[in-house]
Amino acid sequence: MTALTTAHDEHDKHDKHDEAVAAPVRKEGPGTRPRARRPRGRLRRLALPYFLLLPALLLELLVHLIPMAVGIFMSFKELTQFYIRDWGAAPWAGLDNYSLSVDFDAPVGEALLHSFFVTCAFTVVSVSLCWLIGTAAALFLQDHFRGRGLLRALFLTPYALPVYAAVITWAFMFQRDNGLVNHVLHDQLGITDGRPFWLIGDNSFFALATVSVWKHWPFVFLIVTAGLQNIPKELYEAAAIDGAGMWQQIRRITLPSLRPVNQVLVLVLFLWTFNDFNTPYLLFGDAAPESADLISIHIYQSSFVTWNFGTGAAMSVLLLLFLLVVTAAYLLLTSRGRRAVDG
């Protein structure tokens, strides 16, 4: 029995020795840590979101980035109607299209500068009114009362309607002789002396701003309503106990709490409004009035009406650079302001 036990122990010692010889030798210094083996399942879990995002990234590349690159290339070509079939054979223009666009003493540059100022004024009016009306509506529907759900549904109706159906309906309403706007303002209320033209002349700017505000303010209402849900009610109760009125609560609690939401919201509204093409095109067609000549319509006219695709592409690139600069400056200023408030 003792001999068998001794032989068995010797056999175990030989097995352990063979395993120690076969195992790789790792030298561990005083500052080294043993390497942790990452399971394959964890790698798959980490890589799964990127594989799911891959189709969207490819679609983004196909829909946005490739046409953008082609447009930038076209801006350096003298591309007119004579080279539509083979636009790659158009002569190389270099920076001539850009110099023509920014030459504000020439007719092309002067018209582009006027369109830029009109777009800036339109954006300021539209974004300001959209934010004001949407925020006021969200604050009004914050309290519980009978019929609140119905009002919310009615407020979101302009945002849910298709853009083309809504704007075309507004175009009929702005008709001079048979439109609803003149019927209410002139025939029923007697505010105007006569039946004004809304789709031509100086009044076209107000018509365009009205449709833009009507279309976008429900989006502000929706986002601000969602942001108000994150504000604790205890803050309002404590402020009411301290004697703060409604306006003081809005100024001291609501607006500071909505600051991150408003920063993103204003940027999105600015980009949407500055690049808006559907609203002026459906209201005025190919030729927008001078007071409503937004830069998107102006670029369209330069490209597809006068057939100067190279100049239109150069204007588009300039617009892209302007929006990138404004967006970067806005994000920089808002991030600094947030750090100052947090600090």
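Note that the coordinates shown come from a computational prediction; the quantities given were computed from them, not determined experimentally. In what follows, every heavy atom counts, from backbone to side chain, and hydrogens, waters and symmetry copies are set aside.
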Separation of [Y] [atom2] from [X] [atom1] (nearest 0.5 Å):
{"X": "L283", "Y": "F174", "atom1": "CG", "atom2": "CZ", "value": "7.5 Å"}
{"X": "L151", "Y": "L156", "atom1": "CG", "atom2": "CG", "value": "11.0 Å"}
{"X": "Y164", "Y": "T279", "atom1": "OH", "atom2": "OG1", "value": "9.5 Å"}
{"X": "F140", "Y": "F221", "atom1": "CZ", "atom2": "CZ", "value": "10.5 Å"}

Worksheet item: Do F270 and F116 share a hydrophobic cluster (ILVMFWY, side-chain heavy atoms under 4.5 Å, transitive)?
Response: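 Yes; F116 is reachable from F270 via cluster members.
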
Worksheet item: Do L139 and F219 sit in the same hydrophobic cluster, where Ile, Leu, Val, Met, Phe, Trp and Tyr count as joined when their side-chain heavy atoms come under 4.5 Å apart?
Response: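 Same cluster.
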
Return a table of donor-acceptor pairs under 3.5 angstrom between the side chains of residues 249-258 and protein atoms on other chains or two or more places apart.
from : atom 1 : to   : atom 2 : distance (Å)
Q249 : NE2    : A244 : O      : 3.3
T254 : OG1    : Y236 : OH     : 2.7
S257 : OG     : I253 : O      : 2.7

Worksheet item: Are side-chain heavy atoms of N97 and E78 found at a separation under 4.5 Å?
Response: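 Contact flag for N97/E78 side chains = no.
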
Practice prompt. Please examine the side chains of T273 and F122, heavy atoms only from C-beta on, and report whether any two atoms are closer than 4.5 Å.
Written response: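 F122 reaches T273 side chain to side chain.
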
Measure from the side-chain N and O atoms of [X] to the backbone N and O of [Y], and report whether any donor-acceptor pair falls under 3.5 Å.
{"X": "S291", "Y": "G201", "answer": "yes"}
{"X": "T157", "Y": "L154", "answer": "yes"}
{"X": "S75", "Y": "A313", "answer": "no"}
{"X": "S99", "Y": "L95", "answer": "yes"}
{"X": "S126", "Y": "T123", "answer": "no"}
{"X": "K77", "Y": "W92", "answer": "no"}
{"X": "S128", "Y": "V125", "answer": "no"}
{"X": "T80", "Y": "N308", "answer": "no"}
{"X": "H114", "Y": "D293", "answer": "no"}

Worksheet item: Is it the case that more than 12 heavy atoms not belonging to D242 sit under 6.0 Å from its CG atom?
Response: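 More than 12 within 6.0 Å, yes.
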
For a quick test of reading the model, state the closest non-hydrogen atom pair linking [X] to [Y] and the distance between them.
{"X": "L112", "Y": "S101", "answer": "CD2-O, 3.5 Å"}
{"X": "D286", "Y": "I297", "answer": "O-CG2, 4.0 Å"}
{"X": "L199", "Y": "Q175", "answer": "CD1-NE2, 3.9 Å"}
{"X": "R176", "Y": "N182", "answer": "O-ND2, 2.9 Å"}

Worksheet item: Which pairs, with at least one residue in residues 206-219 and sequence neighbours excluded, count as a salt bridge (Lys or Arg N to Asp or Glu O under 4.0 Å)?
Response: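 Qualifying pairs, neighbours excluded: K215-D276.
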
Practice prompt. Mind jotting down which residue pairs meet the salt bridge (Lys or Arg N to Asp or Glu O under 4.0 Å) criterion with at least one end in residues 195-213? Sequence neighbours excluded, please.
Written response: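 Qualifying pairs: D187-R195.
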
Worksheet item: Given W217 and F155, is the ring-ring contact (aromatic ring centres under 6.0 Å, His included) satisfied, shown in steps?
Response: CA-CA 9 Å; W217 80 264; F155 285 173; 5.4 Å; yes

Worksheet entry | Pairs flagged by ring-ring contact (aromatic ring centres under 6.0 Å, His included) wherever residues 282-317 is involved - sequence neighbours left out |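 For residues 282-317, and leaving out neighbouring residues, the ring-ring contact (aromatic ring centres under 6.0 Å, His included) pairs sorted by first residue read F277-Y300, Y281-Y300, Y300-F304, F304-F309, W307-F309.
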
Worksheet item: Do the ring centers of F274 and F322 come within less than 6.0 Å of each other?
Response: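 Between F274 and F322, the centre distance is under 6.0 Å.
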
Discussion item. Using the rule given for ring-ring contact (aromatic ring centres under 6.0 Å, His included), can you reason through W214 versus W170, listing the C-alpha separation, both sets of side-chain angles and the distance that settles it, and then say yes or no?
Written reply: CA-CA 10 Å; W214 180 86; W170 274 102; 5.8 Å; yes

Exercise answer: donor-acceptor pairs, residues 60-73 side-chain atoms, under 3.5 Å, sequence neighbours excluded:
none

Name the atoms and distances for all side-chain donor-acceptor pairs under 3.5 Å in residues 323-330, with sequence neighbours left out.
from : atom 1 : to   : atom 2 : distance (Å)
T327 : OG1    : L323 : O      : 2.7
Y330 : OH     : Q263 : O      : 2.7

